[in-house]
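For reference, the structure is listed below as C-alpha cells.
The basis for the numbers below is simple: all heavy atoms, side chains too, and nothing from hydrogens, waters or symmetry mates.
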Amino acid sequence: TSLVTSMIFGLLLQPPLAQLSTITQPNFVLLMADDLGIGDVGCYGNDTIRTPNIDRLAKEGVKLTQHIAAAPLCTPSRAAFLTGRYPLRSGMDAINNYRVIFWNGGSGGLPPNETTFAKILQQQGYSTGLIGKWHQGVNCESRNDHCHHPLNHGFDYFYGMPFTLISDCQTTEAPEMDRVFRRKLWLYTQMICLFTLTAALGRITGLIPVRWKTLTCLAGFSLLFFVSWFSSYGFVRYWNCIMMRNHEITEQPMVTERTTSLILRESIAFIERNKHKPFLLFLSFLHSHTPLLTTEKFLGKSSHGLYGDNVEEMDWMVGQVLDAIDKEGLKSTTLVYFASDHGGWLERQEDTRQLGGWNGIYRGGKAMGGWEGGIRVPGILRWPGVLPAGTVINEPTSLMDIYPTVTHLAGGVVPQDRVIDGRDLMPLLQGRVEHSEHEFLFHYCGIHLHAVRWHQKDSGATWKAHYVTPKFHPLGAGACYDRGFCPCFGEGVTQHEPPLLFDLSQDPSEAKPLSADTEPLFDTVVERIGRAIEEHRRTLTPVPEQLSLYNVVWKPWLQPCCGTFPFCWCDKEGDSELADL
C-alpha cells in the first residue's frame, strides 16, 4: 500500500501533458526557412553556426530526424506543404526544366480548387496570415484576378513577396535568374546585329548586293528579337522583386535594405492583434535564399561568411517571434513548427564564396529529388504541456503531415474528395504510437519518380531504392557544379535497373549501395517497393500542368503593376518609421 501511495504521489508531482480536450483551437505559428540545409542548425549537429533560438525550440519540444520534403525545390515543396498532397497531384511539379514559378507575370500557380490548411482553418474561425515568401503564382487570365494569390487560398492577411528572393533583387549582385539562357540570348542578339550591320556596310560600299528593303526587315527583326526577351529579362527586378500587402503592391521594386525589418514587424504585429482569438501565422522566411539579405547588425558575425551571417539573423528573428508569443501569454496555447522547404543549395557559389547551405552527413542537395541532402530537412514542433520536451523521433515524417495535423487540432476535417498524403503527427509526437503512419514515401524530381523509401516497421529498417540519380560533375563532387542545378531527366541522369538500394537505418549517408550478393533481402525489398509504386500510381489522376512552358513564360498582361503598365514603380512604405527590432 505504501508503495502504491508513493507512486501516485510521485505522478501527481510531475507536470502532466495537457489533454487536447482541455485546449480548444490552439494557435499555430509555422516557421519555414528557405534553402536551409539540415546541417546548418545547431541541434542537428552544427557547432559553428549559432542557432540558439531554433535549438531552444528543439529542447522544449520534439525534434524529427527523418523529416522529408515532398520535393527538392521551392514551388512544388511548398505546394505539397500547403495542400498535404504530392505536388504532381495538383499539377505543381514540372514536366520540363522549368521546375518552379519563374515570373509573377506567369499564369501557372496553385490551382484555386486546391484546399489549403489555411482555408480549412479560416472556415473554423481562425485568423490566418502569411508573412514572407509565397511563390505559388499570382494571376490566371488578367492582371488583377489574383486567382493564385494567398488571399484566394485561405489567408486573411498577406504581407511579403508573391515571388521568391533572387540575386536580381539586389543591384550589387550578379543576375541569377536563367543566367545561362540570358547569356545565350545576348549572344544571339549580338550575332543578329553584327550580321545586319555587315549587310548594311556591304550595301553602302557596294560589296554586297542587298536591297534596302531587306536591310530594313533585318533591322526590324533584330529590334523585335531584342525587345522580345529584354522586355522581360532586362527588368527582372521590377517584374519579380515586389512586395505586397494583401492585394496591393507596396514596393516595386522592393527596397531590400528594410525587407527583414518589415517582415519581422508584420509578424509580431499579426500576433499582437490576434492574441484574443485563435490564429494561424505562416512566417515564410526569405532567409537563407540568395542573395542572402542580411542587416548590418549581423554582417561578419559568423564563422561561415555571409551565409552563416544570414542563418544567424534568421535564428534571431525566430527568437523575436518566440518572445512575442511569450509576451502575450500564448506559449502554452501555441503550437510552433520550424522546418526548411528543402535541402541546401550546394552549387550556389560566387568565386570563392559558398552561398548555399550544408546538408550534414547527407548526400546531395537542393534540386535532387532522390538523395537525402535534397529532401531531409529540420523539423521541430513545440507545444508546452502537450508535447513532451526534449524528445527525438527517428521515424519517417513529411512536411505534408502538417496539413492533417493542424486541421484536426483546429477541429476541421480534411477533404474527403481527394487523396491526402500527409498523416496526423499528434499520436507519434505524444508517444501514443511507436511508429509513423508512413510505410512508403515517394521522392519525385519534377514528375519523374527518382526514389522510394520503405519503412519496414516490424524490422525497424528504412530501405530506399533509387531508380534515377543525377550525374555529378566533376565526377564524385557530390553536386552538379557544371549546371548549377541537377536535372531530373535526360543526359544528366543515370537510370538504375535494378535500383540502387540502401538501408538508411544503417547507412544514412547513402554511401554503400546494397546488392543481391551483400543483402539477402535485396530481391524481396525491391519487389515490395515495386508493388508499392504500382499501387501509388493507381491513385494518380491527370491534372492541368501548372508549370508547363506556356504557364511559366512571362506574359505582360498578367504582370502585377502598381502603376500604368509598363511604368511600374512605387514605394508606399516610403520612409515609414521602422522599430529597431
Side-chain angles (χ1 to χ4, degrees), residues 94-108 143 163 166-241 252-253 291 347 349-351 471 473-474 480-493 545 547-561 563-569:
I95 59 174
N96 51 49
N97 288 319
Y98 290 93
R99 296 160 57 189
V100 298
I101 299 291
F102 252 69
W103 299 96
N104 281 325
S107 53
R143 181 166 291 124
F163 192 60
I166 50 177
S167 292
D168 304 68
C169 297
Q170 204 163 20
T171 56
T172 57
E173 295 292 322
E176 173 184 335
M177 188 171 154
D178 247 355
R179 185 183 302 186
V180 175
F181 183 53
R182 216 185 301 195
R183 287 173 183 163
K184 289 181 180 178
L185 290 172
W186 266 117
L187 177 62
Y188 297 154
T189 301
Q190 291 167 354
M191 290 172 63
I192 294 171
C193 289
L194 181 62
F195 179 78
T196 303
L197 287 172
T198 302
L201 288 173
R203 174 68 177 82
I204 292 171
T205 58
L207 296 176
I208 302 176
V210 59
R211 296 180 180 179
W212 284 114
K213 185 177 181 180
T214 303
L215 286 174
T216 302
C217 290
L218 274 173
F221 174 75
S222 302
L223 180 62
L224 283 174
F225 179 77
F226 174 72
V227 170
S228 69
W229 69 265
F230 193 77
S231 60
S232 56
Y233 285 106
F235 299 90
V236 170
R237 184 164 164 260
Y238 285 85
W239 302 152
N240 281 346
C241 304
Q252 189 170 13
E347 297 94 343
Q349 300 172 332
E350 290 289 348
D351 300 322
K471 295 178 180 177
H473 185 85
C480 303
Y481 291 100
D482 58 330
R483 297 171 178 262
F485 275 118
C486 284
C488 296
F489 61 93
E491 296 180 354
V493 303
E545 294 291 342
L547 301 182
S548 66
L549 186 59
Y550 173 79
N551 279 333
V552 298
V553 297
W554 182 69
K555 303 174 179 66
W557 61 92
L558 296 183
Q559 175 60 49
C561 181
T564 302
F565 186 84
F567 304 104
C568 305
W569 183 92

What distance do [X] atom [atom1] and [Y] atom [atom2] have between them, rounded to the nearest 0.5 Å?
| X | Y | atom1 | atom2 | value |
| --- | --- | --- | --- | --- |
| Asn240 | Gln252 | CG | CD | 10.0 Å |
| Cys568 | Asn104 | SG | CG | 11.0 Å |
| Cys241 | Ile166 | SG | CD1 | 4.5 Å |
| Leu223 | Ile192 | CG | CD1 | 11.5 Å |
| Trp103 | Met177 | CH2 | CE | 3.5 Å |
| Trp212 | Cys217 | CH2 | SG | 13.5 Å |

If every non-hydrogen atom of [X] is compared with every non-hydrogen atom of [Y], which pair is closest and at what distance?
| X | Y | answer |
| --- | --- | --- |
| Trp239 | Ser232 | CD1-O, 3.5 Å |
| Ala199 | Ile208 | CA-CD1, 4.3 Å |
| Tyr481 | Pro474 | CD1-CD, 4.2 Å |
| Thr196 | Ser222 | OG1-OG, 3.1 Å |
| Ser107 | Lys555 | OG-NZ, 3.1 Å |

A side-chain contact here means heavy atoms from C-beta on lying under 4.5 Å apart; do [X] and [Y] qualify?
| X | Y | answer |
| --- | --- | --- |
| Met191 | Leu187 | yes |
| Pro253 | Trp569 | yes |
| Glu545 | Asn551 | no |
| Phe489 | Asn97 | yes |
| Tyr98 | Leu547 | no |

> Under 6.0 Å between ring centres, would you say that holds for Trp554 and Trp229?
Replying inline: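 No; Trp229 has its ring centre 6.0 Å or more from that of Trp554.
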> Does the separation of the ring centres of Phe102 and Phe163 fall below 6.0 angstrom?
Replying inline: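 No; Phe163 has its ring centre 6.0 Å or more from that of Phe102.
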> Got a sec, which residues hit side-chain hydrogen bond (donor to acceptor under 3.5 Å, both in side chains) with Glu176, two or more places apart in sequence or on another chain?
Replying inline: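 Once residues adjacent in sequence are excluded, the partners of Glu176 under the side-chain hydrogen bond (donor to acceptor under 3.5 Å, both in side chains) criterion are Ser167, Thr290.
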>> Tell me if the CZ atom of Phe195 is crowded by more than 12 foreign heavy atoms within 6.0 Å.
In response: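 Atom CZ in Phe195 is not crowded, with 12 or fewer foreign heavy atoms closer than 6.0 Å.
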>> Tell me whether Tyr188 at atom OH has more than 12 heavy atoms from other residues, nucleotides or ligands lying less than 6.0 Å away.
In response: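 No, because the 6.0 Å sphere around OH of Tyr188 holds 12 heavy atoms or fewer from other groups.
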>> Please determine whether a side-chain nitrogen of the Lys or Arg among Arg179 and Glu347 lies less than 4.0 Å from a carboxylate oxygen of the Asp or Glu.
In response: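 No.
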> Given Phe230 and Trp186, is the side chain to side chain contact (heavy atoms under 4.5 Å, CB included) satisfied, shown in steps?
Replying inline: CA-CA 9 Å; Phe230 193 77; Trp186 266 117; 4.1 Å; yes
Would you find a donor on one side and an acceptor on the other, under 3.5 Å apart, between the side chain of [X] and the backbone of [Y]?
| X | Y | result |
| --- | --- | --- |
| Arg99 | Ala94 | no |
| Arg143 | Gly105 | no |
| Lys471 | Pro487 | no |

